[in-house]
Amino acid sequence: DELEKVISRADDAYEDGDLALANHLMRQAADMVDIALSDARHEDVLLHELTFESLEEEYAYEIDRNESYIQLIDLMQIKTAPSQASAAYVQKMIEENTILREQAEVLASEGNLQQGILVLENGTDKLSRALRVSGASF
C-alpha cells in the first residue's frame, strides 16, 4: 500500500510538471522495492546442480574452479590491506593448495580421476577459507 501511495504521488507530481519531485518519489519507490526484495531473499541460498558427462569433464571443471579461487585471492589481496597474520594464513593456504594440486595431477595422470577430484576439492576448500580471511563473503 505504501509503495502504491508513493508511486501515485510521483504520478501526480509528474502531471503537475514537478519533475524533480516526481523523480525523487520514484527513487524512493525503487528503494522500497529494493529493500523488500533484499529482505525477501535474505535467507535464500542459490543452488545449482552440476552434472558432468565424464570424470575428465569434472576434473577439468575442478581445475578451473581452483584456478578462479586463486585469481580471486590475488584480487582481494590487492583490494584490501590484509594484516600480516591474515596474509601469512592466506599464503599458507595457497601453498597447501599447490601441494594438493600437484597430488591431484599425479592421481589424474595415473588414471585415478575420482581421487584427483577429491584432492582438488580439498585444495579449493582451503582457498575458500583464504578468500574469507581476505574479506570475501560467500
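Within the structure, salt bridge (charged side-chain N to carboxylate O under 4.0 Å, His left out) contacts touching residues 115-125 (residues at least two apart or in different chains) are Asp125-Arg129. Sorted by first and then second residue, the salt bridge (charged side-chain N to carboxylate O under 4.0 Å, His left out) pairs with a member in residues 1-14 form an empty list; sequence neighbours excluded.
With sequence neighbours left out, Asn122 forms a side chain to side chain contact (heavy atoms under 4.5 Å, CB included) with Leu100, Lys126. Among residues two or more places apart in sequence or in another chain, the side chain to side chain contact (heavy atoms under 4.5 Å, CB included) test is passed with Asp18 by Ala13, Ala20, Leu21. Under the ring-ring contact (aromatic ring centres under 6.0 Å, His included) criterion, Tyr89 pairs with no residue at all, not counting sequence neighbours.
Contact record, Ile73 with Ala130: CD1-CB, 3.8 Å, taken as the closest heavy-atom pair. Nearest heavy atom pair, residue Ser134 against residue Val90, reads OG-CG2, 3.5 Å. Closest approach of Thr124 and Asn97 over heavy atoms only: N-OD1, 3.9 Å.
The shortest side-chain heavy-atom distance between Arg101 and Ile63 falls under the 4.5 Å cut-off. Contact of the Ile94 side chain with the Ile70 side chain is not registered, since no non-hydrogen atoms from C-beta on lie closer than 4.5 Å. Between Gln77 and Gln91, the closest side-chain pair of non-hydrogen atoms is not below 4.5 Å.
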Contacts table for residues 107-118: side-chain donor-acceptor under 3.5 angstrom, sequence neighbours left out:
from   : atom 1 : to     : atom 2 : distance (Å)
Ser109 : OG     : Glu105 : O      : 3.4
Ser109 : OG     : Val106 : O      : 2.8
Asn112 : OD1    : Gln115 : N      : 3.2

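Ion pairing between Glu95 and Lys92 fails under the 4.0 Å rule for side-chain N and carboxylate O.
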